[in-house]
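Notes follow the structure.
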Amino acid sequence: MTKSFRLGVVFTHPTQHHAPLWRQLHQQPGVEVQVFYLCNENQSGGDRALGSSEPWDVDLLSGYPHEFLKTWTGKTATATTKGLLTPALVNRLTKANVDAVFLPSFYTLSYRLTVALCKLRGIPVIMQNDATIITDSDQSGSRRLAKALLYPWMYGLADRWISSGDHNEIYLRHYGVNPKIVVRGCYPVDRDRWETTMAQNQPEILRLRQTLSWDDSTILYGFCGKYIERKNPFEFIEAVVEAHRQDPRVRGIMIGGGELTDAINQRLATLNGEVVNVGFVNQSKLPLYYAALDVFVSTSLSDPHPLVISEAMAAGTPPILSDRCGNWGYRDTVQHRYNGLVYPSGDRAALTEAIMTLTDVNTRQRYSQRSQEVFAGQDLDCELRAFLTTFRQLRPDAAISDAVPQPVPSLAAHVAAQPQVEG
């Protein structure tokens, strides 16, 4: 048996969040990674839900071995569907090729085939998702009953789990996952790329801020994501409009696109510039827009773990988010009144109050610094450590390097020992 730990990854398509993880894992001494992609979404075209036809403009494929598997038709799929099935997995997922397989869900037929092959062949399965009880509560009673019956068995098929946050750990326990097989991780954001992009483009950030602002006193609140009902963009618009009435420095910036674009533009046309729609911004430029903002806002009605929050924090932009987002908690991405604010979803007055609270420059500066500190313990290195810990549990004999990046001190190190208070 080879001394290196060989990880097979079965994943729908290259993403800006996970591709850097596969690259960094494969570069880790004692680890070999082979990624099997089920389709080339975001490579052949843009994100349809964002209303874009532009492929992602950052490198998602170099630095690690990967293969785009073909469907029964002999072609590579261009979009993710539940029925996506790639027969080549039968030959790729063998004990001669991999020591364990990672996959994120049971959504596609290929994922289900992966689990079946691993169980039949004695290959350990590693899983991670961003699901929470918060988002489950939106589902019908019959669906919740079906999940209560099926999920404990399905989730029990995984040999190891990597959790993605406080609410995700609650979710895994709810469906019977043994805490002893769970390693705390996070959903990764490539901090190096963000910091490098911002450091190399300071004049561009200044230009963007000047373009988006009325004047030097403007306070910019940003929304970034799909313009769909679930993301609740109109709550952002109306709260910013009300906050602007109270403090004329407040302005909203919307970045994204989707099915509600026309309705949003119609509403903004009735305003006097309190909120502006920038539209779609590709991956290489997003860090610059985040850095130009003062505060980031996520108003989702249901969102397991919106990574736009982590991205904003990577740029030092403190967050406001609804309590229907799954990434707030005592040890999670947003820690209420420490590095950001959490408000009750649907309560526009509460969101307006949160916006007004962060018009205070000293509060923003504190939350900005703390957001960077918290994010530093939840970046790509956090996820790397979680994977390497899992590998060592599965194969103690594997020659995996101990030279693993250590977390930057943050609130997570001592939150359990003291209460969270403003200031």
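Values in this document were obtained by computation on a predicted structure and should not be read as measured data. Counting begins at 1 with the first residue of the sequence.
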Assess, by modelled atom type and distance only, whether the side chains of [X] and [Y] contain a donor and an acceptor separated by less than 3.5 Å.
X	Y	result
Q246	E242	yes
S284	N282	no
D332	Q378	no

Quiz item: Parallel under 30°, tilted from 30 to 60°, perpendicular over 60°: which one fits the rings of F68 and H66?
Solution: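 Because their plane-to-plane angle is over 60°, the rings of F68 and H66 count as perpendicular.
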Quiz item: In terms of ring plane angle, is the pair Y155 and Y175 parallel, tilted or perpendicular, where the classes change at 30° and 60°?
Solution: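 Perpendicular: the ring planes of Y155 and Y175 meet at over 60°.
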Can [X] and [Y] be counted as an ion pair, charged N to O under 4.0 angstrom?
X	Y	result
R209	D294	yes
E204	R207	yes
R245	E274	no

Quiz prompt | Pairs satisfying side chain to side chain donor-acceptor pair (under 3.5 Å), at least one member in residues 100-113, at least two apart | solution =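 Listed once each, the pairs are T86-S110.
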Practice problem: Give every residue pair that meets the side chain to side chain donor-acceptor pair (under 3.5 Å) criterion with at least one member in residues 295-306, sequence neighbours excluded. | Solution: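 Passing the test, one end in residues 295-306: D138-S302, R230-D303, K231-D303, S300-D303.
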Exercise. Can you sort out the partners of N178 under side-chain hydrogen bond (donor to acceptor under 3.5 Å, both in side chains), two or more places apart, ordered by chain and number?
Key: none
Self-check item: With K70 via side-chain hydrogen bond (donor to acceptor under 3.5 Å, both in side chains) - residues at least two apart
Solution: none
Considering residues, nucleotides and ligands other than [X], do more than 12 of their heavy atoms fall under 6.0 Å from its [atom1]?
X	atom1	answer
E229	CD	no
E353	CD	no
D216	CG	no

N/O donor-acceptor pair under 3.5 Å between [X] side chain and [Y] backbone:
X	Y	answer
T359	M356	yes
Q202	M198	yes
Q28	I400	no
N265	R267	no
E67	F36	no
S164	N129	yes
R331	D166	no

Quiz prompt | Nearest heavy atoms of G326 and P306, plus distance in Å | solution = N-CD, 4.4 Å
Practice problem: Give the minimum heavy-atom separation between M313 and N339, together with the two atoms involved. | Solution: CE-ND2, 3.4 Å
Quiz item: How long is the gap from CG on D190 to CD on Q24, to the nearest 0.5 Å?
Solution: 7.5 Å
Quiz item: Rounded to the nearest 0.5 Å, how far does CE of M127 lie from OG1 of T114?
Solution: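 Between T114 OG1 and M127 CE, I get 10.0 Å after rounding to 0.5 Å.
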Self-check item: Residue list, ring pair (Phe, Tyr, Trp, His ring centres under 6.0 Å) with Y343, at least two apart or on another chain
Solution: none
Practice problem: Report yes if the side chains of L7 and F387 come closer than 4.5 Å at any heavy-atom pair, otherwise no. | Solution: yes
Exercise. State, with a plain yes or no, whether a side-chain heavy atom of C39 is found less than 4.5 Å away from one of L84.
Key: yes
Practice problem: Name all pairs fulfilling the ring pair (Phe, Tyr, Trp, His ring centres under 6.0 Å) condition that reach into residues 186-209, sequence neighbours left out, sorted by first residue then second. | Solution: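 Sorted pair list: H18-Y187, W194-Y290.
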Quiz prompt | Member of I126, V125, I181 meeting the side chain to side chain contact (heavy atoms under 4.5 Å, CB included) criterion with D159 | solution = V125
